[in-house]
2 protein chains.
Amino acid sequence: MVRVGLTAQRLIQAGAELADEVGFEHVTVSELARRFDVKVASLYSHVKNSQDLKTRIALFALEELADLSADAVAGRAGKDALTAFANVYRDYAHQHPGRAAAARMRLDPETAAASAGVRHARMMRAILRGYDLAEPDETHAVRLLGSVFHGYAGLEGAGGFSHSAPDSEESWTRVLDALDALLRNWPARPTP
Amino acid sequence: MVRVGLTAQRLIQAGAELADEVGFEHVTVSELARRFDVKVASLYSHVKNSQDLKTRIALFALEELADLSADAVAGRAGKDALTAFANVYRDYAHQHPGRAAAARMRLDPETAAASAGVRHARMMRAILRGYDLAEPDETHAVRLLGSVFHGYAGLEGAGGFSHSAPDSEESWTRVLDALDALLRNWPARPTP
DNA sequence: TGCATTTACCTAAGGGCTTTAGGCAAATCA
DNA sequence: TGATTTGCCTAAAGCCCTTAGGTAAATGCA
């Protein structure tokens with residue numbers, strides 16, 4: 001009986017790679033076991049269950065993404081920072097579609113609160129400090145940006161923008177231009 | 001042997017309701033059969049397989065949503081139309097979270113091309129005609145709006161904005177204000 | 001109205017993924 | 001080196017998906 005040296009970390013890492021190959025929704029304990037050439041039951045000492053595995057892949061992706069974003073944003077401000085941050089997001093979704101999908105997975109509130117998701121939110125707020133928005137507008141803007149980034153990655157991943165002109169790359173650039181313009185010119189609350 | 005009178009339409013309708021109750025990802029041929037008090041195999045005369053069932057629920061949701069949007073937008077223009085359209089989207093996601101998730105499902109290109117998704121795109125373009133954007137900016141704007149609507153619904157459905165101030169309702173209103181302002185003031189392509 | 005055809009639902013069966021319980025051998029430690 | 005821990009295994013049960021082939025209800029036709 002050869003020991004492969006499974007650990008939760010190795011499983012999650014391999015799970016993330018598997019997600020990128022076959023899609024996050026097709027990540028399965030069985031397939032993971034197959035890849036380690038190990039029986040399925042063996043994984044259950046390292047991971048609670050299938051749900052737990054997926055959650056931990058999601059948390060892993062969120063961390064990874066937050067680390068990349070932090071690097072990209074360091075030393076930048078204004079549109080520069082916004083673009084760098086947004087591009088990390090989109091590039092990650094291109095290079096790691098499975099992990100990106102994982103990062104969009106629904107987490108229960110406590111898990112989410114303990115996740116790197118909060119770092120993302122903090123970074124976004126830091127970027128927004130370059131545009132001066134008073135609360136609650138800053139929060140509205142955070143939510144708008146989050147929606148755009150998630151939404152764009154989702155639609156692009158679903159093939160929404162492929163095979164139609166202009167190419168998605170150009171739209172992305174122009175969307176960022178537009179968001180920058182919007183943030184510099186955030187409208188006052190209209191008087192009814 | 002009592003006959004229940006299954007049809008593809010009834011299955012899809014019931015499937016949509018099931019999705020709203022348990023989440024689209026938990027819609028299962030078995031559960032559907034249980035609800036009709038019928039054996040699982042019986043469904044396979046009406047629906048090709050599980051994937052087919054889900055796809056048809058997605059198409060159903062897209063149609064329903066397009067019909068609602070068309071009604072809401074009729075007779076409106078400018079911000080009025082934009083708001084009406086956007087609110088249909090969001091209200092639908094609130095009232096029918098499962099169907100909304102279905103509507104966000106990845107479809108293969110041919111299926112997507114034959115779906116009500118194209119009506120959605122056409123309506124968006126019609127609304128944008130109220131803001132005068134020349135191509136390719138109109139397309140960029142369509143993609144931005146799509147991303148925001150999908151993204152906001154996704155994050156809200158995932159509980160992203162709950163239990164934090166200001167409430168999601170207010171953010172949504174202000175996001176629409178902001179999008180309207182942006183469309184009225186779409187930035188020219190910056191000269192590098 | 002009676003018979004043939006079609007159709008709706010059924011049983012049976014195989015295969016995959018998940019999860020738990022309990023066992024044996026490799027690694028670790030004293 | 002012997003004891004303990006730990007990593008991976010077998011076995012088994014449960015649920016979902018899917019196909020093949022059967023039976024009875026509904027429908028159509030003479």
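Residue numbers start from 1 in every chain, and the chains themselves are labelled A, B, ... in the order their sequence lines are given, proteins ahead of strands. Just so you know, these numbers use all the heavy atoms, side chains as well, and skip hydrogens, waters and symmetry mates.
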Rounded to whole Å, how long is the line connecting atom CD of A/E25 with atom P of C/dC17? 15 Å
Charged N to carboxylate O below 4.0 Å: is that the case for A/K79 and A/D177? yes
Can you see if the side chain of B/T28 gets near the phosphate of D/dC17 - specifically, an N or O under 4.0 Å from OP1 or OP2? yes
Do any N or O atoms from the side chain of B/H26 and from the backbone of B/V22 form a donor-acceptor pair under 3.5 angstrom? yes
To the nearest Å, how far apart are B/K48 NZ and D/dC17 C1'? 15 Å
Quick one: which of C/dC9, C/dT20, D/dC8 gets closest to the side chain of A/Y44? C/dT20
When you measure from the side chain of B/R3, which nucleotide among C/dA26, C/dC17, C/dT7 comes out closest? C/dT7
Let's see if you can work this out: which of C/dT18, C/dA8, D/dT18 has an atom nearest to the side-chain heavy atoms of A/S30? C/dT18
Whether B/R143 engages the ring of A/F161 as a cation-pi pair (distance to the six-membered ring centre under 6.0 angstrom, angle to the ring normal within 45°) should be assessed. yes
Do A/E64 side-chain atoms and A/L68 backbone N/O form a donor-acceptor pair below 3.5 Å? no
Of A/S162, A/S171, A/S168, A/P97, the one forming a side chain to side chain contact (heavy atoms under 4.5 Å, CB included) with A/E156 is A/S168
Can a side chain N or O of B/S50 be found less than 4.0 Å away from OP1 or OP2 on D/dC17? yes
note: A/D52, atom CG; C/dC17, atom P; distance rounded to Å ~ 19 Å
Taking the basic N atoms (NZ, or NE/NH1/NH2) and the acidic carboxylate oxygens, is any pair closer than 4.0 Å for A/R174 and A/E170? no
Side chain B/D20, main chain B/G98, donor-acceptor under 3.5 Å: yes
Establish, with yes or no, whether the OP1 or OP2 oxygen of D/dC8 is under 4.0 angstrom from a side-chain nitrogen or oxygen of A/H46. yes
Contact list for DNA chain C against residues 31-43 of chain B - heavy-atom distance below 4.0 Å: B/V38, B/K39, B/A41, B/S42
Closest listed nucleotide, where the reference is the side chain of A/V29 and the choices are D/dC8, D/dT18, C/dT18: C/dT18
To the nearest angstrom, the NE2-C1' distance between A/H26 and D/dC17 comes to 13 Å
